[in-house]
Each structure stands twice: as structure tokens, then as C-alpha cells.
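Have a look at the structure below before the remarks.
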Amino acid sequence: MPQNTTVNRRIVLNARPVGAPTAADFRTEHTPVPTPEAGEVLLRTLYLSLDPYMRGRMGDGASYAAPLAIGDVMLGGTVSRVEVSRHADFKVGALVLGYAGWQDYAVSDGQGLTPLYPDDPHPSRALGVLGMPGFTAYMGLLDIGRPVAGETVVVAAASGAVGSVVGQIAKLMGCYVVGIAGGPDKCRYVIDELGFDFCVDHHADDLPGHLAAACPKGIDVYFENVGGAVFDAVLPLLNTRARIPVCGLIAGYNATELPPGPDRLGLLAGTLLRKRIRMQGFIVFDDYGPRWSEFAGAMGTWVQQDKVKVREDLVFGLGNAPEAFIGLLEGKNFGKLVIQVAHE
Ligand code: NDP
């Protein structure tokens with residue numbers, strides 16, 4: 001069923017996933033379109049962002065944010081049109097960035113809504129390069145990674161929303177940049193379109209050998225998106241005083257237990273100590289919220305000047321969100337994954 005004016009389709013958390021999420025962990029409900037009260041707006045969703053952090057909210061393990069309850073609408077960043085306004089600050093037809101989640105319509109009191117240009121030709125970019133993932137790449141690389149011209153920067157998930165931007169900023173800083181990505185098509189894109197110096201396919205045999213060959217001067221900045229076998233390959237190549245922004249560990253998001261031994265904590269801690277490596281996690285809005293306008297100015301200019309290129313993986317139809325999200329955790333997306341919920 002496509003979006004219509006009377007029914008609100010909403011995809012809710014049906015069950016907490018055990019391991020990789022399945023279609024049965026989601027449920028679609030049909031409810032009447034809600035009516036805004038005084039001081040509220042009715043939002044119609046045009047674009048929905050799908051992001052790896054959503055996997056954490058589906059579970060109830062330790063996290064930096066509270067889990068969803070069973071039956072809650074799946075959360076997510078959205079670009080929406082204001083359909084009905086009873087709020088002085090938002091006119092009917094305005095385009096806004098918000099967090100309406102996996103549904104056609106939502107009522108908002110305006111808190112957390114960011115106005116976008118009504119005629120923006122690429123509104124979905126507010127969910128990617130010009131939004132949370134771009135902000136993550138910018139702050140993690142520049143504030144924690146602190147790349148210096150001539151250094152070697154390595155980033156995994158290199159064709160994705162965060163990694164593609166990390167590598168392009170590092171190139172703008174004058175670094176030698178190596179991506180790690182899943183498959184020859186993604187690797188070709190990372191070199192030919194994004195301008196990285198090299199890309200290593202982590203599905204191919206001998207990742208450690210290929211990565212060592214791609215980084216003849218070792219690694220000065222490793223932007224961690226993945227963990228697992230990729231981090232194992234990176235660890236021995238880290239240079240003295242290397243920096244590691246720990247952004248995400250997607251290889252482990254579906255894990256139900258710790259990986260089998262041997263215990264590598266001693267190896268990791270010993271490497272950090274001997275090489276005086278700085279490894280720091282961050283949660284982008286919690287840690288860097290006040291620097292949003294700095295990011296928005298810099299990234300807006302880079303994108304406008306085509307110095308940072310953008311690739312979206314646009315999937316049409318809210319009903320396809322569960323399958324697309326499951327695929328995101330398996331590397332099936334190619335670029336920033338966005339659901340187009342409705343044509344304008
Ligand atoms: P992407 O668009 O990069 O999509 C996820 C990609 O991860 C997949 O396409 C796949 O790429 C890669 N991947 C998945 N499983 C594995 C695996 N087992 N081994 C290696 N690679 C894998 O996602 P985002 O750019 O949105 O997110 C990247 C990371 O950044 C995630 O870990 C996310 O949680 C984190 N993040 C953290 C934030 C923070 O504030 N700390 C904010 C935003 C994101 P490929 O096929 O190339 O392997």
C-alpha cells in the first residue's frame with residue numbers, strides 16, 4: 001500500500017532480535033493519521049534514514065541510549081513536509097529534518113525540528129553527508145584523528161555514509177588514504193570516484209597482507225567503523241602515536257557472544273602502551289553538538305564545490321525498510337541508505 005492521506009503506516013519493533021534481525025522482528029500497523037493540537041504540526045515523511053545504530057536500540061543490552069520498547073515505532077531521522085500547522089514557527093509546505101521514525105505521519109511540537117530550504121533539490125542529503133553521518137565523519141576524523149598532511153589514514157566501511165566522507169576529508173587534508181570495503185565494485189568506486197589512494201577488499205583472502213602492502217609507511221590514523229577481523233589486520237600496522245577514533249563496531253552488532261579466544265586484550269593494551277596510541281570513542285551529538293554549525297558550513301561548501309562527493313542508496317517504499325535495514329548490517333547497501341517513503 002503506498003502512502004495516502006487517511007492511513008498512517010507505522011513499522012514497530014515486534015521482537016528483540018537474537019543475532020541478525022529478521023523480518024519477524026518488525027510489524028506494520030495501520031492507524032488513522034494523527035491530528036495536531038494547538039502548538040503542533042503534522043509531518044508527512046518523504047525520506048527515512050536507515051543507520052547501523054538502530055540495531056542497538058532494538059536490543060536491551062548496555063548502550064549510550066535507552067532501548068526501544070516492544071511495540072514502539074522504529075526510530076529514525078526523517079525529512080518531512082509540514083502537512084498541517086498549528087505552530088507559529090512552521091508553515092504548511094515547509095520542509096523539515098526531524099526524527100519521525102519509520103512511519104508515514106507524525107505529530108511534533110516543533111522540538112528537534114530543523115527547517116530545510118523548501119526548494120532544496122537534494123533534501124535527502126540532510127540525512128547523510130550534510131547530516132548526522134557527515135557530522136560523525138567530520139568530528140571523529142578532525143577532532144580525534146587529527147590527520148596531518150602526508151600521514152596515512154585508513155578507514156573501513158569506506159564506501160558507506162561515514163567512511164566515504166572520512167576518506168574524502170582526509171584527502172582534502174593532504175593525507176595518503178586507504179579504504180577497506182566489501183567487494184571489488186565498492187573498492188573501485190572508492191578509488192575512481194572518491195579519490196582514495198588505495199582500497200582493500202575485506203572479503204578477499206589475506207586482508208592483513210593486502211593492507212600491509214597498501215600501507216608501506218604504517219598507519220597514523222585508523223578511523224574505526226567496523227572492529228572484528230578488520231581491526232585485527234590494522235593493529236600490527238599502527239605507527240607510534242597513531243590515533244584511533246572509535247566510531248562504530250558494526251562487525252559485532254549482531255553478535256550474541258564474545259568471539260572465540262585467544263584473549264587479545266593484552267596484545268591491544270601492550271600495543272597502545274608501547275606505541276603511545278590514542279584510542280577514543282565518541283557519540284557524535286552528545287560530544288560535539290555545539291560544533292554543528294562549524295560542520296554544516298564546511299561540509300556545505302565542500303559538497304557544493306564537488307570536493308566531497310555523495311552516493312545514496314535510495315530504496316523506494318516504507319514497506320521495504322526492514323529488508324533494507326537487515327541488508328545494511330550485511331554490507332548490501334552501497335552508499336548512504338535512505339528509504340524514499342513518498343514521491344513529493
Ligand atoms: P554504512 O553506510 O557504512 O553501512 C554499513 C557498512 O558496514 C556496510 O555497507 C558494510 O560495508 C560494513 N560492514 C558491515 N558488516 C561488516 C563486517 N562484518 N566487516 C566489515 N564491514 C562491515 O554505515 P554508516 O556509515 O552509517 O556507519 C558506519 C559506522 O559508523 C557504523 O559502525 C555506525 O554504527 C557508526 N556510527 C557511529 C556514530 C557515532 O556517533 N559514534 C554515528 C554514526 C555512525 P562493506 O560492504 O564495505 O564491508
Side-chain angles (χ1 to χ4, degrees), residues 19-21 48-59 63-65 75-77 127-129 131-141 143-145 154-169 178-191 194 196 199-204 207 211 222-234 244-255 259 279-289 291-292 295 310-315 324-339:
L48 163 68
S49 181
L50 295 185
D51 299 277
Y53 75 84
M54 294 165 176
R55 175 62 185 83
R57 304 293 174 84
M58 295 175 79
S63 179
Y64 60 93
L75 80 169
L127 302 170
V129 66
M132 183 276 283
F135 190 32
T136 302
Y138 180 92
M139 293 311 327
L141 180 67
D143 194 62
I144 302 174
V154 172
V155 59
S159 70
V162 174
S164 63
V165 180
V166 167
Q168 292 183 86
I169 300 175
V178 176
I180 301 171
D185 289 349
K186 287 183 177 181
C187 279
R188 231 182 338 267
Y189 164 75
V190 162
I191 296 172
L194 302 183
F196 289 28
C199 186
V200 178
D201 178 359
H202 71 88
H203 292 320
L207 171 63
L211 190 61
Y222 173 56
F223 193 102
E224 176 63 294
N225 278 330
V226 164
V230 172
F231 187 72
D232 290 343
V234 164
I244 307 175
V246 182
C247 174
L249 299 164
I250 194 168
Y253 290 177
N254 288 330
M279 188 171 189
Q280 187 185 326
F282 69 103
I283 304 297
V284 71
F285 282 113
D286 292 9
D287 295 332
Y288 294 110
R291 293 182 63 178
W292 173 265
F295 152 75
V310 180
R311 180 179 179 123
E312 288 179 335
D313 187 341
L314 211 58
V315 175
F325 177 68
I326 292 165
L328 174 74
L329 300 169
E330 299 168 351
K332 289 190 178 153
N333 64 305
F334 191 166
K336 170 68 192 115
L337 183 58
V338 175
I339 300 292

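Computation of the quantities below employed the complete heavy-atom set of this structure, encompassing side-chain atoms and omitting hydrogens, waters and symmetry-equivalent molecules. Both counts, for ligands and for their atoms, begin at 1 and track the order of listing.
Shown in contact with Gly248 at under 4.0 Å from a heavy atom are these atoms of ligand 1, numbered in order with element: 32 (O), 35 (C). Near Ile283, meaning under 4.0 Å from any of its heavy atoms, are these atoms of ligand 1: 40 (O). Below 4.0 Å from some heavy atom of Val226 lie the following atoms of ligand 1, by number and element: 19 (N), 20 (C), 21 (N). Each of the following atoms of ligand 1 lies closer than 4.0 Å to a heavy atom of His202: 19 (N), 20 (C), 21 (N), 45 (P), 48 (O). Here is the list of ligand 1 atoms found below 4.0 Å of a heavy atom in Ala181: 47 (O). Close approach of ligand 1 to Ala161 is summarised as follows: ligand atoms under 4.0 Å from at least one heavy atom of the residue are 1 (P), 2 (O), 3 (O), 25 (O), 26 (O). The ligand atoms of ligand 1 that sit less than 4.0 angstrom from a heavy atom of Phe282 are 39 (C), 40 (O), 41 (N).
Only the side chain of Met132 comes within 4.0 Å of ligand 1, judged by heavy-atom distances. When non-hydrogen atoms are compared, ligand 1 lies under 4.0 Å from the side chain of Tyr253 (C-beta onward) but not from its backbone. The proximity of Glu330 to ligand 1, defined as any non-hydrogen pair under 4.0 Å, does not occur for either the backbone or the side chain. The proximity of Thr136 to ligand 1, defined as any non-hydrogen pair under 4.0 Å, is limited to the side chain. Residue Leu249 touches ligand 1 through its backbone alone, judged by heavy-atom distances below 4.0 Å.
The residue from Phe295, Phe135, Tyr53 that alone fulfils the ring-ring contact (aromatic ring centres under 6.0 Å, His included) condition with Phe285 is Phe135. Screening Asp143, Ile144, Val246 against Gln280 for a side chain to side chain contact (heavy atoms under 4.5 Å, CB included) leaves a single residue, Ile144.
When atom types are taken as modelled, the side chain of Lys186 and the backbone of Gly331 share a donor-acceptor pair closer than 3.5 angstrom.
Cys247 SG, 3.5 Å is the protein heavy atom nearest to atom 36 (N) of ligand 1. Nearest to atom 25 (O) of ligand 1 among the protein's heavy atoms is Val162 N, 2.8 Å. Scanning all protein heavy atoms for the shortest distance to atom 29 (C) of ligand 1 gives Asn225 OD1, 3.4 Å. Among protein heavy atoms, the minimum distance from atom 10 (C) of ligand 1 is reached at Gly331 CA, 3.5 Å. In terms of protein heavy atoms, atom 46 (O) of ligand 1 is closest to Lys186 NZ, 2.7 Å. Of the protein's non-hydrogen atoms, the one nearest atom 47 (O) of ligand 1 is Gly182 N, 2.8 Å. Ranking protein heavy atoms by distance to atom 6 (C) of ligand 1, first place goes to Ala157 CB, 4.0 Å. When only non-hydrogen protein atoms are considered, atom 13 (N) of ligand 1 lies nearest to Ile250 CG2, 3.6 Å.
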Inset, instruction - Dump the intermediate steps for side chain to side chain contact (heavy atoms under 4.5 Å, CB included) on Phe282 and Thr136, then the final yes or no. - result: CA-CA 9 Å; Phe282 69 103; Thr136 302; 3.8 Å; yes
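A tilted orientation is assigned to the rings of Tyr222 and Phe231, their planes being inclined by 30° to 60°.
For ligand 1, the polar-atom distance check against Lys336 finds no nitrogen or oxygen pair separated by under 3.5 Å. The shortest N or O to N or O distance between Asn333 and ligand 1 is under 3.5 Å.
The nearest non-hydrogen atom to atom 24 (P) of ligand 1, considering only Ala255, Gly160, Ala158, Pro52, comes from Pro52.
Remark: the Asp286 side chain and the Tyr64 side chain contain no N/O donor-acceptor pair separated by less than 3.5 Å.
For the ligand labelled ligand 1, residue Leu329 lies inside the 4.0 Å heavy-atom shell.
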